[in-house]
Amino acid sequence: MTASPRDVLAVNTLRALSLDAVANAKEGHPGGPVGMSPMAYVLFSRIMRFNPRDPRWPNRDRFILSAGHASMLIYGALHLTGYDVSLDDLKNFRQWGSRTPGHPEYGHTPGVETTTGPLGQGFANAVGFALAEAHLAARYNRPGHALIDHYTYGICSDGDLMEGISHEAASFAGHLGLGKLIMLYDDNLISLDGPTEWTFTDDTTERFESYGWHVQMVDYGNTDLDGIEAAVKNAQNQTERPSLIRVRTTIGVGLPKQGTADVHGKAPSLEDVIAAKKSYSYPSLDPFFLPDDGVAPWRDAGARGPALASEWKKAFGAYRAAFPDLAAELDSIFDRRSPKGLATSLPTFDSSAKPMATRVASGQTLNALEPKVPGMIGGSADLRGSNDTVFKGSGFIDHGKFGERNINFGVREHAMCAIGNGLALNGLQPYVATFLIFSDYCKNAIRLASLMGQPTVFVFTHDSIGLGTDGPTHQPIEQIAGLRAIPGMHVIRPADANETAIAWQLALERIDGPTLLALSRQNVPVLAANPDGARRGGYVAADSEGAPELVLIATGTEVHLALEGRKKLAEQGVRARVVSMPCWEIFSAQDQSYRDAVIPPAVRARIGIEAASGFGWERWVGLDGATITLARFGASAPGEIVMRELGFTVENVVSTGLRLLGRAGSASLGGDSTPQAKPTAHASGHS
């Protein structure tokens with residue numbers, strides 16, 4: 001258990017560097033990095049294959065710091081091993097414009113594989129990374145050409161394992177037997193508030209063994225480097241089950257209040273840092289001092305990288321010569337190229353065809369585009385029939401059967417979305433599916449997909465009260481508004497089958513952020529295709545004879561309601577234009593002249609129509625407009641009755657339009673004349 005003086009100094013160099021950075025920032029988490037340093041040192045110096053000169057080398061081992069609050073651990077390790085993370089970057093920890101933010105951010109710091117901090121997210125991302133490796137290896141490796149062959153390592157904390165997402169993700173990983181997933185658990189018995197015995201007395205070993213994981217224990221994680229290394233190598237031999245290594249550490253070892261919650265999230269004083277360095281017998285008490293002998297083992301590990309990467313590139317050259325078509329597919333995955341030729345493969349739907357739910361059109365489009373996107377992979381949270389998300393030309397991924405392209409995620413919505421992000425971070429094009437209402441379970445992962453700029457596609461069906469008898473627990477109201485509020489998110493709610501096909505094209509061509517498809521359960525008529533308009537996020541679906549005096553702006557299934565309302569308004573002598581706006585975000589990105597041509601600024605009488613919360617609609621209808629939206633939960637009844645009772649009727653569209661124009665209108669409009677619920681028609685800004 002005794003480490004060599006060289007190794008001890010290397011570990012303490014990372015510890016001292018972490019403490020100096022947190023103390024300099026005057027905030028952060030010192031205890032975790034100090035306790036985890038032996039694990040990081042063993043992984044980076046003795047185990048992992050990586051290349052600081054090429055952080056995106058495809059066959060590198062992945063390191064995921066799920067305990068993202070311990071971010072100085074990874075920043076220090078990246079600096080010491082030679083990544084483009086300077087000492088000045090560490091001195092600017094947590095400062096404006098720094099490359100070393102408070103929690104690790106993908107794309108911001110070279111060598112950071114995923115954005116972590118919300119506990120449990122990194123754990124589930126790691127499952128996605130491991131699944132991506134297994135999938136790519138099964139699909140593309142050939143005898144004598146083991147091109148895809150890497151491990152996913154991670155460090156997680158007590159907090160990660162308390163979060164529900166870790167239970168979902170661990171169960172899924174164990175079910176599949178992801179043998180190249182190895183998680184080290186910093187088992188320090190402390191969380192932010194105090195001892196874990198206050199809240200967390202699970203038998204973690206039995207829990208993970210019940211999931212199908214291989215579990216080991218390292219009792220002296222602060223000093224037993226050889227024990228940590230042996231456990232990792234033993235885990236590598238468990239080829240058909242993931243591994244958890246419990247490493248018992250002392251949080252904040254060396255600090256005066258080591259082993260207590262006081263060192264979890266409070267920056268140490270200069271005196272505390274000096275005391276810790278003295279306990280380490282560190283060669284200098286000066287801030288940010290890096291002894292050559294303490295840095296050398298780290299740099300030696302990083303120096304191995306270029307040769308490893310070069311050897312792999314030669315192997316890829318031989319693979320390319322033997323399997324040029326497969327190599328071209330891998331190139332597109334590794335380089336994350338936007339797929340070409342999707343427009344020519346899109347299905348087209350005849351406006352004379354029978355009405356079709358947009359979820360059904362989505363399934364048909366998905367299968368039509370699958371051959372064009374070799375990296376596409378995905379599935380549903382136990383709703384594959386309801387979501388219509390099955391590749392008909394592929395089987396389902398299972399234990400030892402990783403080359404397929406369909407995934408059964410089970411009822412694990414949160415983990416599913418975070419695993420999807422892990423798949424995307426490994427170059428694949430994932431889609432994940434559930435009901436729109438359950439986006440609430442997924443919100444953190446959806447938000448992180450956008451923060452990381454990952455092209456995960458979220459296929460969320462049963463998008464409104466129109467789903468009917470399942471009732472208000474399953475009828476989304478506020479979800480669309482909340483999802484639209486996420487920076488960088490594209491929420492597309494198509495009106496019909498043709499808009500749905502375009503929505504998939506837009507989602508798959510986008511490589512710098514996520515897209516959410518909000519799809520209907522109920523059937524809707526097929527409109528005449530307007531692909532150019534749909535691609536621009538909004539367009540004139542039907543115009544008036546002569547200049548419009550009223551603009552009806554709708555999304556999704558309510559576009560059809562607007563179209564019927566326009567006809568009735570014409571009978572009242574009202575010139576109404578219908579605008580279909582499947583994606584607010586894409587429409588907002590169009591030039592002003594196009595937006596003004598679709599929604600003329602001079603026409604101030606506007607109605608926004610959407611079977612969801614009206615929050616945000618004032619942007620489009622203005623101060624003089626109105627909305628037909630929802631300010632209450634839905635109800636359990638057949639969908640058409642719920643829609644009628646809550647005001648989504650032609651009569652309500654017409655009466656609201658006439659009111660805006662100051663006209664009395666006819667008392668008889670035909671069709672339903674049921675009085676409408678008061679909350680459904682709002683003047684913008686007023687109830």
Side-chain angles (χ1 to χ4, degrees), residues 56-60 62 128-143 145-150 312-313 315-347 362-380 384 389-398 401-409 419-433 449 453-459 501 503-515 517:
R56 310 314 300 168
W57 167 40
N59 203 41
R60 67 193 181 280
R62 272 62 168 177
F129 276 99
L131 178 56
E133 191 278 340
H135 173 71
L136 290 170
R139 281 184 62 186
Y140 292 104
N141 285 354
R142 294 295 183 269
H145 297 272
L147 201 64
I148 309 299
D149 183 16
H150 57 263
W312 181 85
K313 288 176 181 177
F316 194 13
Y319 181 91
R320 190 185 306 281
F323 310 103
D325 292 341
L326 294 178
E329 288 187 7
L330 277 175
D331 283 334
S332 71
I333 292 170
F334 294 154
D335 298 339
R336 179 157 287 164
R337 297 175 189 166
S338 181
K340 306 300 182 184
L342 293 186
T344 60
S345 299
L346 286 177
S362 170
Q364 294 183 21
T365 304
L366 183 66
N367 277 277
L369 296 181
E370 179 265 342
K372 291 287 186 179
V373 190
M376 191 187 291
I377 180 174
S380 166
R384 71 193 199 201
T389 49
V390 176
F391 283 145
K392 294 180 173 57
S394 175
F396 286 83
I397 284 175
D398 205 345
K401 190 180 174 184
F402 294 112
E404 306 295 345
R405 298 175 71 177
N406 291 303
I407 306 174
N408 284 321
F409 284 103
I419 290 166
N421 290 342
L423 293 169
L425 288 160
N426 232 15
L428 294 171
Q429 173 53 74
Y431 66 89
V432 293
Q454 293 304 298
T456 310
V457 179
F458 300 95
V459 185
W504 266 108
Q505 180 187 356
L506 292 169
L508 295 176
E509 287 178 346
R510 189 180 189 209
I511 60 173
D512 61 352
T515 301
L517 308 183

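Sequential numbering from 1 along the given sequence is applied to the chain's residues.
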> Would you sort out whether R337 and D331 count as a side-chain contact (heavy atoms from CB on, under 4.5 Å), showing the intermediate values?
CA-CA 8 Å; R337 297 175 189 166; D331 283 334; 3.7 Å; yes

> So Q454 and R336, side-chain contact (heavy atoms from CB on, under 4.5 Å) or not? Walk me through it.
CA-CA 10 Å; Q454 293 304 298; R336 179 157 287 164; 2.8 Å; yes

> Quick one: closest heavy-atom pair of A449 and T456, and the distance?
CB-OG1, 4.4 Å

> Which atoms form the tightest heavy-atom contact between T365 and P347, and what is the distance?
OG1-CG, 3.5 Å

> May I ask you to establish whether R62 and F129 are in a cation-pi arrangement, using a distance under 6.0 Å from NZ or CZ to the six-membered ring centre and at most 45° from the ring axis?
no

> For P455, does its backbone N or O pair with a side-chain atom of Q429 as donor and acceptor, under 3.5 Å?
yes

> Is a side-chain N or O of N426 found less than 3.5 angstrom from the main chain of G422, in a donor-acceptor match?
no

> Compare every heavy atom of L508 with every heavy atom of P339, then report the nearest pair and how far apart it is.
CD-O, 3.2 Å

> Would you say the side-chain atoms of S345 pair up with the backbone N or O of L369, donor to acceptor, closer than 3.5 Å?
no

> With a 4.5 Å heavy-atom cut-off, do H150 and R60 have their side chains touching?
no

> Which residue, L423, I419, D398, T389, forms the side-chain contact (heavy atoms from CB on, under 4.5 Å) with I407?
L423

> Show your reasoning for whether side-chain contact (heavy atoms from CB on, under 4.5 Å) applies to W504 and L342.
CA-CA 9 Å; W504 266 108; L342 293 186; over 6 Å; no

> Donor-acceptor pairs are to be reported for all side-chain atoms of residues 134-141 against protein atoms at under 3.5 Å, with residues two or more places apart or in another chain.
unit_1 : atom_1 : unit_2 : atom_2 : d
H135   : ND1    : F402   : O      : 2.9
H135   : ND1    : E404   : O      : 3.1
H135   : NE2    : R139   : NH1    : 3.2
R139   : NH1    : P374   : O      : 2.7
R139   : NH2    : P374   : O      : 3.1
Y140   : OH     : E329   : OE1    : 2.7
N141   : OD1    : L147   : N      : 3.0
N141   : OD1    : I148   : N      : 2.9
N141   : ND2    : I148   : O      : 2.9

> Does V459 form a side-chain contact (heavy atoms from CB on, under 4.5 Å) with L366? I'd like the steps, not just the answer.
CA-CA 11 Å; V459 185; L366 183 66; over 6 Å; no

> Under a 4.5 Å cut-off applied to non-hydrogen side-chain atoms, are N59 and F316 in contact?
no

> Just how far is it from atom CZ of F323 to atom CZ of R142, taken to the nearest 0.5 Å?
6.5 Å

> Within the side chain of R384, is there an N or O that forms a donor-acceptor pair under 3.5 Å with the backbone of G379?
no

> P514 and F458: which non-hydrogen atoms are nearest, and at how many Å?
CB-CE1, 3.8 Å

> For N406 and G395, indicate whether the former's side chain and the latter's backbone hold a donor-acceptor pair under 3.5 Å.
yes

> Mind checking what makes ring pair (Phe, Tyr, Trp, His ring centres under 6.0 Å) contact with F396, not counting sequence neighbours?
none

